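Worksheet for the structure shown next.
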Amino acid sequence: MTRTSIASVAVLAFVALLVTAPIVGVVSTAAGQSSAGNASEDSEYTLSELKQDGPHQGNAPPSVRMGDSRSFWLVHWPANNPFADVGSVEGGEYLPEDHTLGRNVIHIRTWTYEDLQKTVHVVYWEKGTQTVQQGNTTVEEPVAKNVTHVTHDVTFDRGRPTVPIDLRTHDEPVQVTMWIEGYEWARWTFQHKSIATTQSVDINSAGDYLTSVILDFLLWIVVGGFIAGSGCKRALDEAHSGPGYGYEPWFLGLTIATGLGSLLFYESLADLVVNAQYVLALYVVGILAIVMLETYTTNVSKALFLRPTLEHAESPTGDDAFDVIDAEAREEKIVRAPDGTVSVITPGLFPFLARVFGKSARLENVEQLRTRVPLGESKWDELFVVDPEADELIHYSQEGWELEFPPFNREYAPTYGLVGVALAIGAGAVHYGVAGFWPVAAVTAAGLLTWGATPVDGVAGVDPAPVHLRSAFGTMLQFAEDVDDAKRFDEVKEQLDSERVQKQRDVDREVADHDRTLVEEMLDPDAEVPAAVDVDDYADDEVTDHRRTNGNGELSDGGADDD
């Protein structure tokens, strides 16, 4: 892939991300409407009546309403905590003034010495305008529209009760006016917009549930898994080996990135909880990609580079020579391409991505590495012997990336113009509140880095040992088998002579045993024929004369009579 094509792909991805940034985090399930209590469409309330709030006490919280002998106050549980114990006796906070309630319930508290049966009125409405005729002109005046009146019959138990008032689900903010019948001073006004976790989902049967699972989880996992699998295969075909971090660091990093990304692209924890199915589906796809990248390799082998350390010693002839007293070793992963080239690879995300784009640390002088020894049952696949006089075992600089933007000239002017348009769209989305600052900033930084990043080749080189080293080493080993630990040629000669004498004695002993068997066992079963000469294993080169006994039991000299 050329530098121009890489830049084009990066710019297109960057522009796409910035254009879609305004709608990131907006995905949500369809919401249904539900009502609690007795609801009716009622337009008898005027805007001035609905905007009327109850009297505030000077030193009391804004939600407290006090009469002659009784007081009521509203409490709520903040919507940004979906795990709060809503409705608990000791929990809750006073409802602030001009607050937008996020939950579909508000709670009323009071002190009472007896049970109270009361009716609570809740009116939902929106601000609007209408055209009216005033003389010869028409004017727009504010009115309350979409007015819905709901009543709730509740019971305040004796003591300090906390009574919930269920509210309708609203995906868009609406105005709410609430009061307690019989206590006209106990009146409140606030806004209501249902948080994401309270929005209803249209699941009324097992079929609806199965459809929801398929659309929310399975479809995303199948499509994302196919894309991830195909992309990982193409990447491994180019890079031959994955980043090489192992499974655990990837799982930890993916979990942290998923958490930070979710908090970055969703305004509240409630939105994250509602859209968790998409986050979890992407998490599963990420795990599938990790398993592929860290499991499969192509044409990768482990090589051991060995550089012996030499020291002056005495040769078998008594001359000055060298002895191997130590060795420096280093393990590297190498890749053999179909064209015969060999590259050295190391673990890492950026080297892996550089290899995906065709960059590598090619071993330039691989054709000179004739001191290569294939290894059998070993943790390494092959051994390379390095010249003992080399300055370093292996010279290696891994492939990677550098930040380099294309030149600002006529050729790249359209590209820079496209980037400028994307930045303007992102800035406009932030300015008009369509998208948050941090999502757009993150996309911008990632896009610019992707556009300017350029993959570069690495460098690898080895000073090979002399080509005759293998034959010399093998000859030396065979020679050592024959001479054991002899240090000089005279010692070698003595050992070789002793070995030849020993072999001759073995031959004589075998011959003597054969003769004795033939003569004594076959021709002379009564032992009357003189025995064959037996060679003493520990005697010198002189042969010892063996005599046998005569018929009278006396020793015979074995010689011929003078007669």
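This one's a predicted model, so the numbers in the text were calculated from it and none came from an experiment.
- Not a single donor-acceptor pair under 3.5 Å links the side chain of Tyr124 to the backbone N or O of Gln175.
- Using the six-membered ring where Trp is involved, Tyr45 and His149 have ring planes that are perpendicular, over 60° apart on the 30 and 60° scheme.
- Using a 30° and 60° split on the angle between ring planes, Tyr245 and Trp250 fall in the tilted class, from 30° to 60°.
- Annotation: side chain of Thr177 is in contact with side chain of Arg187 (closest heavy-atom distance under 4.5 Å).
- Salt bridge status for Glu399 with Arg355: present, with a side-chain N to carboxylate O gap under 4.0 Å.
- Using a 4.5 Å heavy-atom threshold, the side chains of Trp125 and Thr148 count as separate.
- Side-chain N/O atoms of Thr346 and Tyr396 include a donor and acceptor closer than 3.5 Å.
- Counting non-hydrogen atoms of other residues, nucleotides and ligands closer than 6.0 Å to OH of Tyr247 gives a total above 12.
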Considering only distance and modelled atom types, tabulate donor-acceptor pairs under 3.5 Å from the side chains of residues 218-236, sequence neighbours left out.
unit_1, atom_1, unit_2, atom_2, d
Trp220, NE1, Leu215, O, 3.2
Lys233, NZ, Asp237, OD2, 3.2

>> Set out, in order, the CA-CA distance, both residues' side-chain angles and the distance that settles ring pair (Phe, Tyr, Trp, His ring centres under 6.0 Å) for Trp451 and Phe405, then state yes or no.
In response: CA-CA 7 Å; Trp451 179 35; Phe405 293 97; 5.4 Å; yes
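- In summary, the side chains of Thr454 and Glu402 do not present any donor paired with an acceptor at a separation below 3.5 Å, with no hydrogens or angles considered.
- Residues Leu116 and Arg70 have side chains in contact (heavy-atom distance under 4.5 Å, counting atoms from C-beta outward).
- Remark: the His192 side chain and the Asn104 side chain contain an N/O donor-acceptor pair separated by less than 3.5 Å.
- Annotation for Glu172: atom CD does not count as buried by contact number, only 12 or fewer foreign heavy atoms lying within 6.0 Å.
- Within a 6.0 Å radius of CD in Glu331, more than 12 heavy atoms belonging to other residues, nucleotides or ligands are found.
- For Arg330 and Glu332, the salt-bridge test passes: some basic side-chain N is under 4.0 Å from an acidic carboxylate O.
- At least one side-chain heavy atom of Pro161 sits less than 4.5 Å from a side-chain heavy atom of Thr112.
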> Could you walk me through whether Trp111 and Phe156 pass the ring pair (Phe, Tyr, Trp, His ring centres under 6.0 Å) check?
Replying inline: CA-CA 9 Å; Trp111 287 101; Phe156 293 92; over 10 Å; no
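- A tilted orientation is assigned to the rings of Tyr183 and Phe72, their planes being inclined by 30° to 60°.
- Between Thr131 and Val139 there is no side-chain heavy-atom pair separated by less than 4.5 Å.
- Residues meeting the side chain to side chain donor-acceptor pair (under 3.5 Å) test with Gln191, sequence neighbours left out: Thr100.
- For His99 and His76, the gap between ring centers is short of 6.0 Å.
- No hydrogens or angles considered: a donor-acceptor pair under 3.5 Å links the side chains of Glu141 and Gln130.
- Atom OH of Tyr296 has 12 or fewer neighbouring heavy atoms from other residues, nucleotides or ligands inside a 6.0 Å radius.
- Other residues, nucleotides and ligands contribute only 12 or fewer heavy atoms inside 6.0 Å of the NZ atom of Lys333.
- In this structure, Arg158 places its CZ atom where only 12 or fewer heavy-atom neighbours from other residues, nucleotides or ligands lie under 6.0 Å away.
- For the pair Arg109 and Trp73, the NZ or CZ position fails the cation-pi test of under 6.0 Å to the six-membered ring centre and within 45 degrees of the ring normal.
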